[in-house]
Each structure stands twice: as C-alpha cells, then as structure tokens.
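Quick notes on the structure that follows.
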There are 2 protein chains.
Amino acid sequence: MYLSKMTEPQVDVEKRAPSRRERVREATLAEIKGIARNHLVAHGRAGVSLRAVAREMGMTAPGLYRYVSGIDALLVLVTADLFDELADAVAAADASVAPEDTDLRILTSLRAFRGWALRHPVEFAAMFGPHGHPTPGTDLTPALEAARRFGATFFVLFDRLLAEGRFALPDSGLITPELSRELQAFADTCGFSAPHIPVEAVMVLSTCWVRLYGVVCMEVFGHLDFVMRDMEPLFESELQNLLTDLGVRYQPPENTASDTIDTSE
Amino acid sequence: MYLSKMTEPQVDVEKRAPSRRERVREATLAEIKGIARNHLVAHGRAGVSLRAVAREMGMTAPGLYRYVSGIDALLVLVTADLFDELADAVAAADASVAPEDTDLRILTSLRAFRGWALRHPVEFAAMFGPHGHPTPGTDLTPALEAARRFGATFFVLFDRLLAEGRFALPDSGLITPELSRELQAFADTCGFSAPHIPVEAVMVLSTCWVRLYGVVCMEVFGHLDFVMRDMEPLFESELQNLLTDLGVRYQPPENTASDTIDTSE
DNA sequence: GCTGTTTGCTAACGGTGTTCACTAAAGCGT
DNA sequence: ACGCTTTAGTGAACACCGTTAGCAAACAGC
C-alpha cells in the first residue's frame, strides 16, 4: 500500500459525551442541510433560500443564523455532504464486485461516478460546476475536505493499478520541470504522495481524471442535449479509451438501460 | 470543402430601412446587454439584476421589460453575444497565422479558446457551465444558435484536417449502431454532415471536443486551484496528446507567460 | 433557585423580479 | 397639420430575498 493514511476520522479531539444539547443541535443542523438539499434539487441552486428552509421547518430565517453563518455557508455545507454521499455511492459500487478483480472495480467505480452524476445533475453542478463569485468571506474548507475524501476513493484504486504495474509510465521527457513541480504539489496536497509514486504516475492520474471529468460534465450539464440525446455510447467509448491507456480490461455494460449499482436512496 | 453552407447571415427576411425606431431600439438593447455583461463579470451571474442595469442607464426596471422578457431571457441574450465574441476571438487567432499551415492554425485556435476562457472565466461559466433550472418558459434559442455558430469555427478546421487525411479513422467496429445514430444526429444538427464525412470522423471530433472541454473547464472552474496553481503544463500536455491523435504537429508555446493572440478588447 | 448561555422570535432595512395602470412621446396615415 | 395608433417609460404595488439588532423564553450548571 503506497498511500499515506487518509481514512482515519478519529484523529480529532476526543468527542466524549455529545451532551444532549450538542446532539439536538447536530440534528437540527442536519435537518437544515437536508431541507436545503431538497430545495436545491427541486428549484436549482438559486432556489435555495434561508427563509424557505426556515418556513418548511417551522422556524424563521434569522433563527437559522444560530446554525449557519449565511446562505453561502449553508450551500458549502450541503456541497460537503454531497461529496461524502457521492464517495459513498462510488465506494458501495466498488464493494459490490470481487475485491481482487481490479479491472472490474475500476470500471464499476467510474460508471458509478457517471451514474450518480446523471441521477443527481443539480447536485453535481453544485459540486463540480463553476464556483460563481463566492462572497469573499465564505469558508470553503468543509467542501474542500469532503472533496479530498472523495478523491481518495479513486486514489486507492489507482494506487492498486500502479502497484500491479498495469500501464507504462509516459516518457519522462514529456514532463517539463515545471509540470513536474505542479504534479508533485498535487500529489502532496492530496496525500497521494509516497516514496514509490513517480510524478509520471500522477501525470497519468491527472490526465485520466480530467478526461473523465470532461465527458461527465459535458453530459450532465447538457451541452450536447440539442445535438445528441443519449451520451452513454460516447461515454463508454471514452471510458474504453481511458482504460486501455491504463492497461485495464474493458467490458461493455450489462444492463442496456440505467446501470451502476447504488444502494443509497 | 465538405461543409454545408453555414456562414450566410442574409438568408433572413429582407432587412431594408432599419427605420430609425428600430435602430434606436437596437441600440438601447445593445446597451442593456453591455451593462448586464459588465455586471456579470464584476459581480458574477447572481449579481446581474434588472434594477441595477436600469439604474445604471437612467431607467427604471419595468422599462426594461419593453426590451427583454425577464432576467433569464436577458442572461440568455448576453450568453449569445459571448458565444459570438468567443468565436470572433478564435477566428482572429486563426487568421493570424498562415492559412495553409493547418497544423499551426489548429494549435493556435485551441490555445485561443483556452486563453479566452481564462481571461473571461465568469463569461465562460455562463456559456459552458451548468444551465441551472432555466425557468421553463425561457427561450434558449439565441444562445443555442450562437453556440452553433461558434462550433462552426472549429468544424471548418476539422474539416480541413479530414480532407488532408491527417489521422486514421478509428476502427468502425468500435462504433455501435446506436452510437452511429447519435453521431449522425450530431452531425446533422450542426450542419457538419456531408456525403464524404464518415461517422468515424464525427466520433473523433466529438472525443476531441470533450477532451478539450474537460481540461479547460477543470482549469477555468478552478477545481484544482487548491492543488495545482498553474495548469498550463497540463493543458499543453493534453493538447499534445490530442493533436498527436489527430496527426497534427505539436509545438510548444512561444511566450512563456500569457499567450494566444486576441485582438478584441 | 439563581445565573449565564443558547435558542429563536419580531421588527426592520435594503435589495430583488414582476405586474399593472398610466402618461407622454414618437410615428404614421390622411 | 391634424388625429389616431403604437411605443417607451414611470410609479406604485406585491411578494419574495439576505441580513442585522434587540429581546424573550428555554435550558445548563452550580
């Protein structure tokens, strides 16, 4: 295992005795985020309003300020939850196949990513779309940390792939010194750096991620809606290219219609 | 030239005598869109308000309803203008190199696309980002048509590439019948269909566009900001891969700093 | 039971999109 | 040049929104 430890939540301060008060507080905060999320999917990002959320839970808007520092902060918290949810969905799909079949695990995970995105387009947009002008004061760390946790989901698979020596590393001559520096920074920030992970591998990972991101974004944002009704063939084609470059065995999806296991909701 | 005619604006009804009244009307509409665009770049998409626009031009908000059917429609119009502007920028860059040097033209155009996107991130988000819940009644056709015009900018280059037989068409066995149908629909809608353009070529075009879209979106939306400061090396690397697949000669950018010619603004 | 903290409320300010009724002006036909 | 029609633009109003300030009730710990 090359990865530096990333999946340890209990490094925090001791959390003994949630102290009834904290418990109910946590509960209402969860309710707030839940309702906000419903409004998000129902009326879009702009349709989330503190007043509406408060109304729906029998409160008034100013009361919410005891839990959230503003509408922007609320959306950040919701986004963070979404990242966790997406990570869970991918992990669940990953866990649904034989653990030693790396090829199938990769394939399944990537399809699960797309599947979740298609089933939750508005949420996906909030997570991976442009971050409008984020009101300078807003604290983005919750979403960023959740995004990193999500990234880790793929990192461990990629790490496995790397350990199995599936793909040839690209010619290091193609990697300029500055690119190498950027890649190193990327790996460090994500906890994906380890003595035995060369920058060439990080390069491959970045490229693959960007390609996956591109095809899913294109599909979910609907920028080819007016031109192509079903983008699954194109996705599968791109997926095949991707996996081939990674030395992973591709196989067409089984279910012709909607695919990708998802236990949640 | 394989392309069906796409660049003829005068197919419309005869537009003799703009009739003073129509002229001033067009002028104020242009002013409205201009101010809205300024507010867009200054305060983000959510920062565009009819009242603010009206105020800035010495009017009241309801007056704008003589020109625009609502805030959403206004944003659609602005987006349409942006597509035209982007198309012009790319075309200008394309025209700045020797017309017969197809390789350099492609390279220059693609870099111009990224360059414009980086210089106009908010606008790019409005054009290529998620279309939030677009208020069912809104008419998107202006933006869609402008987007098609923009697409044509790249189509003619790709067409040239195809005519020169630069790249090997992918194995037609990889293209399932349904994918073929989708690709055909894509080509038809875009006016990119012609007797001598095989679906395999459309496939290549789509794939390339998705990859370009992915890397530029990733960069402009800033999803790797916290992890990678300068994404130019990654872009150039992906560009190199892309062009290699297309049989186009790659060469590193000349100016180390900001690049891509842009005569506008 | 008293005290300090937490929670939620009301009131208020300034901002928004949008509709409606209305005036004033510009254009046009004769 | 007159009158009529179309258009441009206004003001008031309604229903929302985010956010702040001040205040009352509920709660926790001593």
Side-chain angles (χ1 to χ4, degrees), chain A residues 16-33 35-36 38-40 42-79 126 132-139, chain B residues 16-33 35-36 38-40 42-79 126 132-139:
Chain A
R16 76 287 173 269
S19 131
R20 170 169 174 81
R21 204 155 191 161
E22 296 174 312
R23 269 188 301 135
V24 52
R25 191 172 214 288
E26 209 62 30
T28 46
L29 180 58
E31 186 183 357
I32 293 174
K33 292 191 292 184
I35 297 183
N38 291 345
H39 286 202
L40 180 69
H43 313 110
R45 175 150 192 163
V48 184
S49 75
L50 288 180
R51 292 191 122 109
V53 170
R55 201 176 318 147
E56 183 160 335
M57 54 193 289
M59 280 183 59
T60 58
L64 297 187
Y65 278 78
R66 300 289 174 186
Y67 298 88
V68 170
S69 67
I71 184 69
D72 295 317
L74 173 56
L75 284 171
V76 170
L77 291 184
V78 171
T79 304
H133 279 216
T135 328
T138 352
D139 179 28
Chain B
R16 74 289 172 271
S19 133
R20 170 170 173 78
R21 201 155 192 161
E22 295 175 312
R23 267 188 301 134
V24 52
R25 192 173 211 289
E26 209 62 28
T28 47
L29 179 59
E31 185 182 359
I32 293 174
K33 293 192 292 184
I35 297 182
N38 290 346
H39 287 198
L40 179 70
H43 312 111
R45 174 151 191 163
V48 183
S49 77
L50 287 179
R51 290 191 125 108
V53 170
R55 203 173 329 165
E56 184 160 335
M57 55 194 289
M59 279 183 60
T60 60
L64 297 187
Y65 279 77
R66 300 286 172 184
Y67 298 88
V68 170
S69 65
I71 184 71
D72 295 317
L74 173 56
L75 285 171
V76 169
L77 292 184
V78 171
T79 304
H133 279 216
T135 328
T138 352
D139 179 28

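Order of the sequence lines sets the chain letters (A, B, ...), proteins ahead of strands, with each chain counted from 1.
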Original post:
Quick one: side chain to side chain donor-acceptor pair (under 3.5 Å) pairs with a partner in residues 46-66 of chain A, sequence neighbours left out?
Top reply: A:His39-A:Glu56
Subject >> Check: A:His43 and A:Val48 side chains under 4.5 Å, non-hydrogen atoms >> reply: no
Original post:
With respect to A:Leu64, which candidate in A:Leu29, A:Leu50, A:Ile71 satisfies the side chain to side chain contact (heavy atoms under 4.5 Å, CB included) definition?
Top reply: A:Leu50
**OP:** Apply side-chain contact (heavy atoms from CB on, under 4.5 Å) to B:Leu77 and B:Ile32, showing your working.
**Re:** CA-CA 10 Å; B:Leu77 292 184; B:Ile32 293 174; over 6 Å; no
**OP:** Please list, chain by chain and in numerical order, all residues satisfying side-chain hydrogen bond (donor to acceptor under 3.5 Å, both in side chains) with A:Asn38, sequence neighbours excluded.
**Re:** none
**OP:** Output all residues satisfying side-chain hydrogen bond (donor to acceptor under 3.5 Å, both in side chains) with B:Thr28, sequence neighbours left out; order by chain, then residue number.
**Re:** B:Tyr67
Subject >> For the student: nearest non-hydrogen atoms of A:Ala54 and A:Ala61, plus distance >> reply: CB-N, 3.5 Å
Could I get a table of every N or O pair under 3.5 Å where one atom is in the protein and the other is in nucleotides 26-30 of chain D?
| from | atom 1 | to | atom 2 | distance (Å) |
| --- | --- | --- | --- | --- |
| D:dA28 | O4' | A:Arg21 | NH1 | 3.2 |

Original post:
Which is true for A:Gly47 with a 4.0 Å heavy-atom rule: it touches a base, it touches only sugar-phosphate, or it touches nothing?
Top reply: nothing
Subject >> Atom-to-atom span, CZ of A:Arg51 to P of D:dT20 - whole angstrom >> reply: 13 Å
Subject >> side-chain hydrogen bond (donor to acceptor under 3.5 Å, both in side chains) partners for A:Thr135, two or more places apart >> reply: A:Asp72
Subject >> Spacing of B:Leu29 atom CG relative to D:dT7 atom C1', expressed in whole Å >> reply: 15 Å
Original post:
When you list every nucleotide of DNA chain C with an atom under 4.0 Å from a heavy atom of chain A, which one comes first 5' to 3', and which comes last?
Top reply: C:dT5 to C:dA12
Original post:
How long is the line joining CE of A:Met59 and P of D:dG18, in whole Å?
Top reply: 14 Å
Subject >> From A:Arg23 atom CZ to A:Glu26 atom CD, the distance as rounded to the nearest 0.5 Å >> reply: 11.5 Å
**OP:** Could you list by number each residue of residues 64-71 of chain B showing a heavy-atom separation from DNA chain D of less than 4.0 Å, or answer none if no residue does?
**Re:** B:Arg66, B:Tyr67
Original post:
Which residues pass the side-chain hydrogen bond (donor to acceptor under 3.5 Å, both in side chains) test with A:Glu31, sequence neighbours left out?
Top reply: none
Original post:
Which comes earlier along DNA chain C counting from the 5' end, the contact point of B:Ala61 or that of A:Arg25, where each point is its nearest nucleotide?
Top reply: A:Arg25
**OP:** Determine the contact category for A:Ser49: base if any of its heavy atoms lies under 4.0 Å from a base atom, sugar-phosphate if only primed atoms, P, OP1 or OP2 are that close, otherwise nothing.
**Re:** sugar-phosphate
Subject >> side-chain contact (heavy atoms from CB on, under 4.5 Å) between B:Leu74 and B:Lys33, worked out >> reply: CA-CA 7 Å; B:Leu74 173 56; B:Lys33 293 192 292 184; 4.3 Å; yes
